[in-house]
Amino acid sequence: MIRSDDRPIASPTRRPDLDTGISAVALIVGIGLLVLTLRDQQTQVNIAAGDAPADLPLILLTLWITLSAFILIRSLVPSGRDRFEKIGMARQAPVIVTLAATILGMLAFGYLIPVSVGLAVLLFLLRERRPLIFAAAWLVLGPGLWFLLHHVLQIRLPSFLSGGLL
Amino acid sequence: MIAAIQDAFGQVFALGPLAAILFGTAFGITIGALPGLGAVVGISICLPFTFGMPIIPSMSLLLGVYCGAVYGGSISAILINSPGTPQSAATTLDGSPMAMRGEAGLALGWVTMSSTIGGLISCVILIFGAPQISRFATNFGSVEIFALIVLALTCISSVSKGALSKGLLMGVVGLMLSLIGTDPVTGVDRFTFGTVFLSGGLDLIAVVIGVFALSEAFTRIAVKQEAEYKMRTSGTRMVLPPVSAWKGRGGILVRSSGIGCLIGALPGTGPATAAFVSYALGKQSSKHGENFGKGEPDGLISCEAANNAVTGSAMIPTLALGIPGDVVTAILMSALVIQGITPGVQLMAENSAMVNAIFLALILINIVMLFLAFPLIRVFGALLSLPERLIMAGVFIFGILGAITVRGNPLDAFTTLVFGVIAMFLRAGRYPLAPLVIGLVLGPQFEQNLRRGLLIHDGDFLAFFTASWIASLLFLVVLLVLLGPSLMALLRARRQAIAD
């Protein structure tokens, strides 16, 4: 898809905070889930079978916490730090927000309307400025795909009207 | 035996079955290449059309869709780093890096040849060894299947080279993600936070699309100068690997096909499990194991030969035991029942001509698939001549579509988006994403077989090591995989010390 000589996202720089951040978040999530599992453990034991649904999660969460703590400690030790690529959110953030709005819109308005609007915004954010290409891409990827799947192949997508027409 | 095979030839080489094979395979490849629309959707669409058809054309159509979809998933896995089906998730690991090197056509060639040969080897094994395989498969209980999965999971460490702790963490996270939803044994909700949506668990394809396709698209759009970031201007043509390139790769092809055959014959497994187990074992045994994940043809061979070999052997428990191994074979079995055929122990003996005709149709499907791949890949490859911004828009829309078509729930698209964003950060932090997906794919079987085994053996963990020779052997291999590298390093150091 992409040639190997494509420009890299950014030159690698020393960013220990990224590793620290990810492992710290993983550690906090792991501890949170462990607390949750321990709290629910008492009520979820199948006494008759001697089987508990929390057994495996407890084992896995112990491993999760141990590993993320190890990575966190390693990221704090200067010699153990890795080099990371810079990650900027300026161009991704509007796209992520548009996608989130489109998906949430589907809950209320079905597939066609939010995706048609969201796709137009996406194409604009992705800097497609040629009117003919813009219109063709919008028509094929938006209403065209919806018509093919929803009406021709009968793969039901979320609908706005209860009959499924739209 | 010879008479039955002759009879099978007569049944398959007729206009109806041949047309069904051609249409079914082309439709399967197309639908498999679209992210999210896998074999289940394809077969479900075609099933109503088989009601009025005779048994052999109807099974040819459905099997054509099945095999085509399993193969077709690898096309989008390579071209847009978004596996069309869960069984193609392993193909992205080496297919996408090859495409990024400008070798998409060659990667598709490796995949096509491996899929075809894997499928053919599987069919030949089936024709001559189906009764023996079905008898051997019945020896695999929960303890043995658990041991097999542990072996595959152990190989996670080998997939995540250079970041062992991060790889293991991702594997554990993948296993934990697979636990979300209703507990299969007791029926209580776990990690659902009281939501109905999470009680059904996370949809695998939604997570896979987010982790692989969306995270890459997010990373790509960070580049500002699109003009300097052009896609290839000509469509992709499949390039078959030369005969010389196969030198030294025959072993991994046959071995992966064998793994696919065996795993396919085990009820409750499937092509995705086969692909990942074969990939993990291929990495251990291949001469180019260190290149796995960087665009190594051996990686493509090991997963594609295995997942296509499953399509044939998955029919063994379905036909011989009357136990469908997964959703696809359950639908295939229902197609047989609709035709008045009852799958089960007697079927192989009483309807051997029909069973042989089905196996023969499978052989033809694999051959037809090879020839259909050329024109269809050109059509899909034409996508690459489009500007990248349009491809990215397509990835986002197909990502959403792929996520919601599986269960029809828009919230699955939200899962895709969330995992896309998380994976974008994980990529930047150099966390390997493959172990996360391997854990997620194998997680449900891991847990079910562990707990079933414990229930059968009164909670005795030791029984997993001693219950049968198959489990003991598999755990021995696990130990070798775990301790092998350390032992080799010790041995090398000792040799060096002696030499010095």
Side-chain angles (χ1 to χ4, degrees), chain A residues 1-4 6-7 9-10 18-19 22 26 33 36 40 44 46 49-51 53-57 60-61 63-64 67-68 70-71 74 82 84-85 87-88 91-92 95-96 99-100 102-104 106-107 111 115 119 122-123 126-128 133 137 141-142 145 149 153-158, chain B residues 37 41 45 79-81 96 99-102 104 165-166 168-169 172-173 175-176 179 183 185-186 188 190-191 218-219 221-226 228-229 231-232 384 389-390 392-394 396-397 400-401 404-405 408 410 413-414 417 421 424-426 428-431 447 450-451 454-455 459:
Chain A
M1 183 173 81
I2 307 293
R3 287 199 309 244
S4 56
D6 284 332
R7 171 181 283 206
I9 301 159
L18 183 65
D19 212 7
I22 293 174
L33 290 173
L36 191 78
D40 293 344
Q44 294 180 345
N46 182 349
D51 173 71
D55 285 352
L56 185 60
L60 291 176
L61 284 168
L63 279 170
W64 175 324
L67 285 163
S68 48
F70 173 75
I71 298 166
R74 190 173 166 271
D82 289 332
F84 297 105
E85 290 169 344
I87 182 160
R91 278 172 64 88
Q92 290 106 321
V95 173
I96 292 168
L99 285 170
T102 306
I103 294 163
L104 290 175
M106 277 197 282
L107 294 170
Y111 177 84
V115 166
L119 179 61
L122 271 178
L123 285 168
L126 293 169
R127 302 186 178 191
E128 180 54 68
I133 304 289
L141 291 173
L145 259 180
L149 294 175
L153 294 176
Q154 297 285 305
I155 297 166
R156 308 310 287 183
L157 298 172
Chain B
L37 305 181
V41 174
I45 290 171
L79 296 184
I80 58 172
N81 198 18
S96 185
M100 289 170 81
R101 285 204 304 255
S165 54
K166 290 179 177 178
L168 286 171
L169 177 62
V172 170
V173 171
L175 283 173
M176 276 299 295
L179 299 181
D183 172 38
V185 180
T186 59
V188 296
R190 290 182 303 189
F191 309 114
F218 289 144
T219 311
I221 56 173
V223 181
K224 288 173 186 169
Q225 292 86 359
E226 195 171 320
E228 296 174 23
Y229 205 70
M231 306 296 294
R232 265 175 249 119
L384 293 184
R389 53 188 178 276
L390 294 183
M392 289 304 123
F396 290 131
I397 295 301
I400 291 175
L401 263 176
I404 62 174
T405 45
F414 210 75
L417 181 62
V421 175
M424 178 181 69
F425 285 103
L426 291 174
R430 297 204 188 143
Y431 281 75
E447 188 190 15
L450 170 70
R451 290 173 65 184
L454 283 173
L455 285 171

Legend entry - Interface moiety of A:L123 toward chain B, non-hydrogen atoms closer than 4.5 Å: side chain
Legend entry - Region of B:L169 in contact with chain A, defined by heavy-atom distances below 4.5 Å: both
Legend entry - Smallest separation among heavy atoms of A:L119 and B:A393, with atom names: CD1-CB, 4.3 Å
Legend entry - Interface residue of largest heavy-atom contact number with chain B, from A:L63, A:T102, A:L99, A:L61, under 4.5 Å: A:L99
Inset, instruction - Return the minimal non-hydrogen interatomic distance between A:I71 and B:S165, and the atom names on each side. - result: CG1-OG, 3.7 Å
Inset, instruction - Sort out for me which residue in A:L145, A:V115, A:I155 forms a side-chain contact (heavy atoms from CB on, under 4.5 Å) with B:L401. - result: A:L145
Inset, instruction - Return yes if some donor-acceptor pair links the side-chain N/O of A:R91 with the main-chain N/O of B:I221 below 3.5 Å, else return no. - result: yes
Legend entry - B:L390 to A:A137 - nearest heavy-atom pair and separation: CD2-CB, 3.7 Å
Legend entry - Which portion of A:E128 sits near chain B, non-hydrogen atoms under 4.5 angstrom: both
Legend entry - Shortest non-hydrogen separation from B:I404 to A:P158 and the atoms involved: CD1-CD, 3.7 Å
Legend entry - Heavy-atom pair of closest approach, residues A:I22 and B:F425: CD1-O, 3.4 Å
Legend entry - A:L104, part contacting chain B, at a heavy-atom distance under 4.5 Å: side chain
Inset, instruction - Could you check if a side-chain atom of A:L107 sits within less than 4.5 angstrom of a side-chain atom of B:F414, using non-hydrogen atoms only? - result: no
Inset, instruction - Select, from B:L426, B:L175, B:L417, B:V421, the one with the greatest count of heavy-atom pairs under 4.5 Å involving chain A. - result: B:L417
Inset, instruction - State whether the number of non-hydrogen atoms from other residues, nucleotides or ligands found under 6.0 Å of B:F191 atom CZ is greater than 12. - result: yes
Inset, instruction - Specify which of A:I96, A:L122, A:L157 makes the most heavy-atom pairs with chain B at under 4.5 Å. - result: A:I96
Legend entry - Close side-chain approach of A:M106 and B:I400, heavy atoms under 4.5 Å: yes
Inset, instruction - For residues B:P410 and A:I103, report the shortest heavy-atom separation together with the two atoms involved. - result: O-CG2, 3.5 Å
